[in-house]
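Here is the structure we will look at, set down as structure tokens.
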Amino acid sequence: MLGKTAGGLFWMYRYLERAENITRIVETGQRIALTRNQENDDEWASVLQTASVDLGYFEKHDELSSDLVIDWMLRDKDNPSSVMSAVTAARNNARQVRTALTHEVWEAMNGCWMRLRDALKRKVNERDLPHVLGLIRQRTALVRGATHGTLLRNDIYDFARIGTFLERADNTGRILDVKYYVLLPSAAAVGSQLDNVQWETILRSVSGESGIRMVYGHNPSPRDIAAFLILDGRMPRSLYFCAKKLQDNLGYLAHDYGSTATSHDLAVQLGKQMKERSIDEIFDGGLHEYIQDILIALGELSRQIEVDYRFYE
Amino acid sequence: MTKTYDEMWGTEDALRAPYSQFGQWFEGEDPARLRAKQREAEEVFRLTGITFNVYGQAAAEERLIPFDIVPRIISGAEWKKLTKGIEQRVRAINAFLHDIYHRQEIVRAGRLPAEMIKNNDAYLPEMVGVTPPGGVYTHIVGIDLVRTGDDDFYVLEDNARTPSGVSYMLENRETMYKMFPELFSQTKVQPVSQYPRSLLRSLSACAPASAEGTPTVAVLTPGSYNSAYFEHAFLADQMGVELVEGSDLRVVDGRVAMRTTQGYKPIDVIYRRIDDDFIDPLTFNPESALGVPGIMDVYRAGNIAIANAPGTGIADDKAIYSYMPEIVEFYTGEKAILQNVPTWRCNDPESLKYVLDNLPELVVKEVHGSGGYGMLIGPTASKKEIAEFRKKLEAKPGNYIAQPTLSLSTVPIMTKAGLAPRHVDLRPFVLVSPNGVDITPGGLTRVALKKGSLVVNSSQGGGTKDTWVLED
């Protein structure tokens, strides 16, 4: 496989994952805005922060409103992480690696882009928002479905998966990074409604609200939430789950190619680092520092993969 | 003026035999359903991504070439005759290319003026004395044909550089299968879907001696912003080979190699979809970032096959075109089976005078132009356009050739008001390898969608049709 193709697959699936994650965060913001009584635009600031798109937003806008935030996150071309920007980038990468994809995957990706381009041509008004969010979910899910159902399980699939899980780990990591303070034991004591909103934001943003109920019941503690999102190997968006998948897929590549790359060692290390410490030990050592270390490690891993597999000249 | 020949109705409004089954089927169809199908087809094309970028327009704009559902139908017997002529012509073109890059017997014999080659930008001195692997120059050729009567086919143009459009031939058929399966169970149409396999086989057969085992073939594209990128990706995908760009390639140990996830891997045959000038910045255009520095050295050492060979453009040059009857005869010893359109070379003073005197009746083309740009169609041009063109022609006569305006045949298209005739041409695709010449039955039918228009180019309002060759 061409190094460029590996890179194209990696980025196609990173952007696809990003589009889904941003959608999920917008959905969360919308949901919380509807279920809280008082009008509070601070929630939208928190939504922007959760998606790590707050800096760009405040460069462009002086005021904060749900309309502007939703527009920024769904369709603004100036925002490289808006859903439309991410889907367009995913589609352009797919076009680049067209020969590595099956017809089904390409058509699902191209169809996703075509439908969203139409749906996001104009500002989405409040009434249409649920429909549009649903459309994004469906269309991206179709690409994922075609991927699982038709892609050959060789290096093509490995790079697709590596892109997916790096982006996902990064997303979960960033959410934890900006919200870590509401998970600290001191915050639990406060137990205010604000904190519950924050917890809900975190859980919904990673589609973890029903999963955690199955594992911890209705009143999870912040410690439970942290354990669930960092260490739980059953939770498909937890940091450990993603690290494990990265390790697996880099392992398949090493096996296929007959040689182990540095990036594989990094992924193994990352998994080990998580396995070795319990959630209490993580809190003792400092949750924030721990998350930051992981984000840095993910960045390094991403760069090493680029080098190991010759994405660029 | 005689009535235009229609491929469905002839000149006498009597359904021609190749269309008899289609005509019957069409009679029984509800026009509303057919129009709905037409829209459905466009949706399929958009989803598949069969789009092209128009030069000079916003890069992001991907346009669709309109597709018309009424097929262009050719009988098996008609096709057989055509293929004989095409094969003869293509063999002559390859012999001609070998000759002009070696002994130039045709010039020595006085059948072609030396200045036709000497002063021609398409002639590459770098190719002199080079014999491509397998001796093949034009691995892929598209011969543009037009028809003016039952038995009258003319070659309008030979495309010996990098003919495009074959993906439309294939996708048009796939779309027709999807939309009208019943038509194909009634009428036996010769398949075209073997083309990618034939192409790979043909290219592999031209691999240089340095190839080990199964030759590694790759398609070289200028990149995803190129107007024909879809086709490049499509062909690479269908052949199961890598689609590479210049930035993926470099010369390693005397071979052209591509950067894979496991290091550089040598390539044996490169199907390049970039122009001669951009192939090698060390040999040709030094500004080119699309090609591979040093590839020409590898080529001259016989360690890679390039399809088509550099320098083949000399054979499809419009000035050389006028010599094609002589060229065919010189190399095959036979009269050309396919007719050339009578052509006036404007560098000849007498011809120039005739052309200037008769501009309103003639088609005048730039010698090196393509895509229907830079040409004058006398009968449809305004007085002002003709006057402007006259100035250009007088300033640089050697730049132009002129031909009579042919009454191109028509094939009906589906319009809101039912069937309506539109002018068409035909580009069959021809593969050449040391094992022989392979012509896919059919080709690409381009159709001028505007009533009365003779310009079929997709960049100027042309569409395409599925082309059927019947099993007789």
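Each chain gets a letter, A, B and so on, in the order the sequences are listed, and its residues count up from 1. As the structure is a prediction and not an experimental result, all values here were calculated from the model.
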The interface call for A/Asn92 against chain B, heavy-atom contacts under 4.5 Å, is neither

Measure A/Tyr312 against the heavy atoms of chain B and call it side chain, backbone, both or neither at under 4.5 Å. backbone

Any idea which of A/His103, A/Met109, A/Gln96 has the most non-hydrogen atom pairs under 4.5 angstrom with chain B? A/Gln96

Which pair of non-hydrogen atoms, one from A/Arg310 and one from B/Thr260, has the smallest distance, and what is that distance? CD-O, 3.1 Å

Kindly compute the distance separating CZ (A/Arg98) from CZ (B/Phe234), expressed to the nearest 0.5 Å. 8.5 Å

Any chance NE2 of A/His131 has more than 12 other-residue heavy atoms, nucleotides or ligands included, within less than 6.0 Å? no

Is there a donor-acceptor pair under 3.5 Å between the side chain of B/Arg259 and the backbone N or O of A/Phe311? yes

Decide if atom NE2 of A/His148 counts as having more than 12 heavy atoms of other residues, nucleotides or ligands within a radius under 6.0 Å. yes

Region of A/Thr5 that comes under 4.5 Å of a non-hydrogen atom in chain B: side chain

Search all heavy atoms of A/Arg95 against all heavy atoms of B/Ser224 and return the closest pair with its distance. NH1-O, 2.8 Å

Using a 6.0 Å cut-off, check whether atom CZ of A/Arg144 has over 12 heavy atoms from anything other than its own residue. yes

Are more than 12 heavy atoms from other residues, nucleotides or ligands located less than 6.0 Å from atom NZ of A/Lys272? no

For B/Lys265, is the NZ atom crowded, meaning more than 12 foreign heavy atoms sit under 6.0 Å from it? no

Side-chain donor-acceptor pair under 3.5 Å between B/Ser247 and A/Glu313, yes or no? no

Which atoms of A/Arg91 come close to chain B, meaning under 4.5 Å heavy atom to heavy atom: side chain ones, backbone ones, both, or neither? side chain

Counting only heavy atoms not in B/Asp253, do more than 12 sit closer than 6.0 Å to its CG atom? no

In terms of heavy-atom contacts, A/Asn110 and B/Arg46 come closest through ND2-O, 2.9 Å

Look at atom CZ of B/Arg197 and say whether more than 12 heavy atoms of other residues, nucleotides or ligands are closer to it than 6.0 Å. no

Quick check: closest heavy atoms across A/Leu2 and B/Asp248, and the distance to 0.1 Å? CD1-OD2, 4.0 Å

Heavy-atom proximity to chain A below 4.5 Å, by part of B/Glu245: both

Roughly how far, to the nearest 0.5 Å, is CE of A/Met1 from CD of B/Glu242? 8.0 Å

Nearest heavy atoms of A/Tyr257 and B/Thr261, plus distance in Å: OH-OG1, 2.7 Å

Report which part of B/Val219 has an atom under 4.5 Å of a heavy atom belonging to chain A: side chain, backbone, both, or neither. neither

side-chain contact (heavy atoms from CB on, under 4.5 Å) assessment of B/Glu43 paired with A/Met114: CA-CA 11 Å; B/Glu43 195 48 39; A/Met114 282 164 55; 3.7 Å; yes

How close do A/Thr99 and B/Ala236 get, counting heavy atoms only, and between which atoms? CG2-CB, 3.6 Å

